[in-house]
Amino acid sequence: QAPFVESGGGSVRAGDSLNLSCSGLGRPLGTFTMAWFRQATPNEREGVAFIDWSGRQTVYADSVKGRFTISRDYATNSVSLQMNSLKPEDTAVYYCAASILRGISDVQDGGMDLWGKGTLVTVSS
């Protein structure tokens, strides 16, 4: 009954790229604000990328600007995170999340409604 399934994580070297995918499971995502969060420590979860319902507005954490790109594909009911120039400090479990009602300007500090189980990204130097 998980709302999403995340895939695309793995172990890579610094400077490599990965593409994460978040697919809806029996639930349309097209009207939701979507986001990718990451958790490197048990007590801290960071929002790294957000995308609005139209797919035209995005917001990124300063730590990933210029390297990560979030996008969505309505035909496949999915959201992706293209990660380039990966660094060891990007190592974390990455989670797909959705806000059913809130817009992109209201969710950057958390408050998402739906969460996936996460996919692990490990970047070695």
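Keep in mind that this is a model prediction, so the values were computed, not measured. Because only heavy atoms are used, hydrogens play no part in the values below, and waters and symmetry mates are left out as well, while side chains stay in.
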Note: Ile104 and Asp52 closest approach over all heavy atoms is CD1-N, 3.8 Å
Residues 24-82 vs disulfide (SG to SG under 2.5 Å), sequence neighbours excluded, gives none
Contacts of Asn19 meeting side-chain contact (heavy atoms from CB on, under 4.5 Å) (sequence neighbours excluded), chain-then-number -> Ser80, Gln82
Nearest heavy-atom contact between Met34 and Ala98 is SD-CB, 3.4 Å
Residue pairs meeting ring-ring contact (aromatic ring centres under 6.0 Å, His included), one or both in residues 24-59, sequence neighbours left out, come to Phe37-Phe50, Phe37-Trp115
- Under 3.5 Å: donor-acceptor pair, side chain of Asn84, backbone of Ser17: no
For Leu25, the other hydrophobic cluster members (4.5 Å side-chain criterion, sorted by chain and number) are Val5
Nearest heavy-atom contact between Gln39 and Ala92 is O-CB, 3.5 Å
For residues 16-85, the disulfide (SG to SG under 2.5 Å) pairs (sequence neighbours left out) are Cys22-Cys96
Quick note, side chain to side chain donor-acceptor pair (under 3.5 Å) partners involving residues 56-65, not counting sequence neighbours, are Arg38-Ser63, Glu46-Ser63, Asp62-Lys65
Do Ser78 and Asp73 have side-chain atoms, one donor and one acceptor, less than 3.5 Å apart? no
Taken in chain and number order and not counting sequence neighbours, the residues that satisfy salt bridge (charged side-chain N to carboxylate O under 4.0 Å, His left out) with Arg67 are Asp90
Sequence neighbours excluded, the answer for side-chain contact (heavy atoms from CB on, under 4.5 Å) partners of Arg102 is Ser99, Asp106, Val107
So the ring-ring contact (aromatic ring centres under 6.0 Å, His included) pairs with at least one residue in residues 89-111 (sequence neighbours excluded) are none
Stepwise side chain to side chain contact (heavy atoms under 4.5 Å, CB included) check, Thr33 with Ile51:
CA-CA 6 Å; Thr33 299; Ile51 189 166; over 6 Å; no
Nearest heavy-atom contact between Leu81 and Ala49 is CD1-CB, 3.9 Å
For residues 39-83, the disulfide (SG to SG under 2.5 Å) pairs (sequence neighbours left out) are none
Leu18 side chain near Asp16 side chain, heavy-atom distance below 4.5 Å:
no
Taking every heavy atom of Arg27 against every heavy atom of Pro3, the minimum-distance pair comes out as NE-CB, 4.1 Å
Here the ring-ring contact (aromatic ring centres under 6.0 Å, His included) pairs for residues 4-24, sequence neighbours left out, are none
Across all chains, not counting sequence neighbours, the side-chain contact (heavy atoms from CB on, under 4.5 Å) partners of Thr31 are none
(message) A side-chain contact here means heavy atoms from C-beta on lying under 4.5 Å apart; do Val79 and Ile70 qualify?
(response) yes
>> Main chain of Leu29, side chain of Asn77: is a donor-acceptor contact present, judged purely on distance under 3.5 Å?
In response: yes
- Query: According to a 4.5 Å side-chain heavy-atom criterion applied to Ile, Leu, Val, Met, Phe, Trp and Tyr, with indirect links allowed, do Val64 and Val93 form part of one hydrophobic cluster?
  - Reply: no
Answer yes or no: is there a side-chain heavy-atom contact under 4.5 Å between Ile100 and Leu114?
-> yes
